[in-house]
Amino acid sequence: MVRKILEDIRAFLKGFGGSFKEQSTEYIEFEERELENVFALILMGSFVGIPSPPTTLVVRLMPHMVKEMHVMQQRAINLDDIFGEIAGMFDID
Amino acid sequence: MREFLLPTEGFRAVFVIGKGGVGKTTTSAALATAIARKGYRTLIVSLDPAHNLGDVFMVKLSDKPKELRENLYASELDMEKLIKGYLKHLEDNLKHMYRYLTVINLEKYFEVLSFSPGIEEYATLEAIRNILLEGEKWDVIVFDTPPTGLTLRVLALPRISLIWADKLIEIRKKILERRRMIAKVHGDRKFQLEGKEFTLPKEEEEDPVMKELLEYRKEVEFVEKVITDPNKTSVVAVMNPEMLPLYETERAYESLKKFRIPLNMIVINKVITVEREIPEIKVKLDAQKKVLEEIERKFKKVEIIKVPMFAEEPRGLEWLERLGGMVLEG
């Protein structure tokens, strides 16, 4: 019985800690995603008509940009709900 | 002798610039011949896609330096081949990660890249960089350049590229900093795409994007350092005593100043000198006089040399040596 209670408390604390951990980096993760998006957008800017860095640099960086391009793609898909994401982050319903 | 045309620290790069048809190739060939005659190991390279360096020397040239006489080597860069090679190199770089890049149709992008604006400038810059990297093989490298517009854009590229690289490095640093913060709480993060798992790099040394950025920055900085160093680079502008070349030289002078590239000398080519008055060409001579006065007034800190219009075109080594002597010695 005592053991069960202890296990429950441990699970609760773990969950509590986990959620606390999640929340603690939420803003930084959002910021990181935005920076990755901006980084990819700058490199791909010529496709939407904004000035681009030197072509050499763009083509040299592109093979290593898998994550950033994925983020950029996701951003393009979720673009109309970007305020929803920000509102969610600040617990605004 | 004009010191700014001779090597002081290691090698000297001399860029001969000017409007189309003013005699850049002849002047640069003459200069290279005269410098070689003084005992300096000299290479003259034509970057102009409309090659006529070989015509001036009256020999056939290729992209490998050819020895024309003791200490004098000449080559003509094949720009088309260069652009193809340059794109091939970039394409190979891309291929191994190609399948992940599904955001845009990259294959089509590559097909049109060889016609994209600016590609010629990048290829030219790459060619200049490769020659400068092997600069120690020579005492003086004379570049016979394409008409002013393209040359100025090429010479401006290193500075512009550095600004871009610095800005991207700054953003990348921020990204990596945030990744490190997150990793401290959650441990190393994985990223999954098409069933393949990647560990997100968080340190500058392990991030391929950062490595590529720093490598590129280093490469461009090398060219930038050489072309802005007055002990290593000189620019010679060639013009005719007419208004349009004067305006173009002025613009070039301002541009070069902005990018801190030293313009040391203006060669006024094909100056008409007559011993007695000829009424038929009086208008032409008056216009020429006016341009010459303007040049003296506008370029006070730049050395100016006048080369007369010769009865015959200066071609072949002997002619070039005489002409080069005039430019080199004054």
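Owing to the predicted nature of the structure, the values given are computational and were not obtained by experimental measurement. Labels below follow one simple rule: chain letters A, B, ... track the order of the sequence lines, proteins then strands, and each chain is numbered from 1.
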Engaged part of Ile28(A) at the chain B interface, taking heavy atoms whose separation is under 4.5 Å: both

NZ (Lys190(B)) with more than 12 external heavy atoms under 6.0 Å: yes

Under 4.5 Å from any heavy atom of chain A - which part of Glu177(B): neither

Chain A contact via Glu219(B) - side chain, backbone, both or neither, heavy atoms under 4.5 Å: side chain

Minimal non-hydrogen separation, Tyr216(B) against Pro54(A), with atom names: OH-CB, 3.4 Å

Quick check on the interface: out of [options], who has the most heavy-atom pairs with chain A under 4.5 Å?
{"options": "Ile182(B), Val220(B), Leu200(B), Ile171(B)", "value": "Ile182(B)"}
{"options": "Leu125(B), Ile160(B), Leu157(B), Ile175(B)", "value": "Ile175(B)"}
{"options": "Met181(B), His186(B), Arg189(B), Lys211(B)", "value": "His186(B)"}

Distance, nearest 0.5 Å, that separates OG1 of Thr56(A) from CD of Glu126(B): 7.0 Å

Positive for side chain to side chain donor-acceptor pair (under 3.5 Å) with Glu36(A), one of Arg172(B), Lys174(B), Arg179(B): Arg179(B)

Leu168(B) side chain near Leu43(A) side chain, heavy-atom distance below 4.5 Å: yes

